[in-house]
Amino acid sequence: MRVRFVAGNWKMNTNRAQARALAEAIVAGAGAIPETVRLAIMPPFVYLEAVREVLGNGRVALGAQDVYSEPEGAYTGEVSAAMLVDVGCRYVIVGHSERRHILKEDDALVNRKLRAALAAGLDPILCIGETLDERERGLTLSVCERHVRSGLSGVGPDQMARVTIAYEPVWAIGTGRTATPEQAQEVHAEVRSILRTIYGQPIASAVCIQYGGSVKPENAGELMSQPDVDGALVGGASLKADSFLAIARAASRRSA
Ligand code: PGA
């Protein structure tokens with residue numbers, strides 16, 4: 001059975017006290033979530049250590065929202081994968097659409113970041129997804145295929161067990177507009193079939209593919225009832241412990 005995985009991307013939100021309080025509330029409720037669901041939260045870089053103190057080595061893992069592609073050196077403002085491991089991260093998001101579109105990251109940089117994360121021992125979450133314009137022009141599947149193939153370039157089959165893919169249609173992120181379960185399933189199934197052509201059936205069927213984009217307690221169950229939707233990457237709704245935990249519970253019902 002594929003792992004279920006719900007991760008909270010806090011983006012550029014919270015202050016130190018709020019970050020700790022949110023992590024505490026999530027930890028307090030996480031004990032009631034079945035172990036079949038993997039949980040992680042991604043606070044801003046500067047609060048990673050504070051949140052790490054709250055999480056300890058418990059049920060909820062720590063992740064970062066981004067990483068730089070180089071191991072060290074003169075890259076002002078950047079953070080390396082080894083630094084993230086050093087402060088207790090297990091996961092890192094790469095290729096989030098806000099970084100692709102606002103910060104102009106291209107496919108080649110996303111791929112270098114993903115490989116740097118793997119090399120340092122982090123488990124990357126590779127975000128893929130089309131813009132509204134691309135969807136309206138019928139380019140959804142080709143854009144997602146490009147993101148998958150270029151993002152995973154040079155990643156071996158043994159490393160794929162550590163990679164999660166998050167399908168996040170750009171038009172659904174932070175907009176309150178969610179892909180329908182059928183729209184999500186169509187892309188997830190296509191991604192899995194691309195993975196099958198690259199890595200073969202056993203690996204493709206084991207890869208966790210999260211959906212992201214305005215996931216909330218009200219729609220999480222329906223999205224995750226789709227056969228290839230294995231979890232959620234949650235932005236806005238992860239800033240409230242109750243809604244994040246409700247989404248995690250929905251993931252556990254899927255795995256029941
Ligand atoms: P959202 O963000 O849930 O606020 O739409 C999702 C994401 O960007 O990962």
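This structure is a prediction, so every number in the text was calculated from the model and none was measured. No hydrogens, no waters, no symmetry mates; every other heavy atom, side chains included, goes into these values.
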Check: Under a 4.5 Å cut-off applied to non-hydrogen side-chain atoms, are I125 and N9 in contact?
Finding: no

Item checked: Point-to-point distance, once rounded to the nearest 0.5 Å, from OG1 of T140 to CD of E186 -> 7.5 Å

Notebook entry, point to check: What distance separates C127 SG from I165 CD1, expressed to the nearest 0.5 Å?
Noted result: 10.0 Å

Margin query: Please report the interatomic distance CD1(I203) to CZ(R196), rounded to the nearest 0.5 Å.
Written below: 12.5 Å

Note to self: Determine whether a donor-acceptor pair (N or O, by modelled atom type, separation under 3.5 Å) exists between the side chain of Q65 and the backbone of K11.
What the structure shows: yes

Item checked: Residue pair R90 / R38, side-chain heavy-atom distance below 4.5 Å -> yes

Note to self: Please check this pair: side chain of Y211 against backbone of A179, looking for a donor-acceptor N/O pair closer than 3.5 Å.
What the structure shows: yes

Item checked: D158 CG: over 12 foreign heavy atoms closer than 6.0 Å -> yes

Notebook entry, point to check: Where the side chain of S225 meets the backbone of E222, is there a donor-acceptor pair that is under 3.5 Å apart?
Noted result: yes

Next item on the list: Kindly assign one of parallel, tilted or perpendicular to the pair Y167 and H188, based on the angle between their ring planes and the thresholds 30° and 60°.
Entry: perpendicular

Checklist line | Flag side-chain contact, heavy atom, 4.5 Å: L152 against L195 | finding: yes

Check: Heavy-atom distance under 4.5 Å between the side chains of W10 and I41, does that happen here?
Finding: yes

Next item on the list: Over all heavy atoms of both residues, which pair between A250 and A220 is shortest? Give the atoms and the distance, please.
Entry: CB-CB, 3.9 Å

Notebook entry, point to check: Should Q210 and V215 count as side-chain neighbours, where that means a heavy-atom distance under 4.5 Å?
Noted result: no

Notebook entry, point to check: N111 side chain to S153 main-chain N or O, any donor-acceptor pair under 3.5 Å?
Noted result: yes

Next item on the list: Report yes if the side chains of E130 and C144 come closer than 4.5 Å at any heavy-atom pair, otherwise no.
Entry: yes

Item checked: Side chain E145, main chain I194, donor-acceptor under 3.5 Å -> no

Note to self: Quick check against the 3.5 Å criterion: does R2 have a side-chain atom that pairs as donor or acceptor with the backbone of I209?
What the structure shows: no

Check: Can you check whether I33's main-chain N or O pairs, donor with acceptor, with S252's side chain at less than 3.5 Å?
Finding: no

Margin query: Which residues pass the ring pair (Phe, Tyr, Trp, His ring centres under 6.0 Å) test with H147, not counting sequence neighbours?
Written below: none

Check: Backbone N or O of L122 within a donor-acceptor pair of the R162 side chain at under 3.5 Å?
Finding: yes

Notebook entry, point to check: Among pairs that include at least one residue of residues 13-31, which meet side-chain hydrogen bond (donor to acceptor under 3.5 Å, both in side chains), considering only residues two or more places apart or in two chains?
Noted result: R20-E53

Check: If only atom types and distance count, is the side chain of S80 paired as donor or acceptor with the main-chain N or O of E72 below 3.5 Å?
Finding: no

Next item on the list: Side-chain contact test, heavy atoms from C-beta onward, threshold under 4.5 Å: evaluate it for H101 versus I173 and give yes or no.
Entry: no

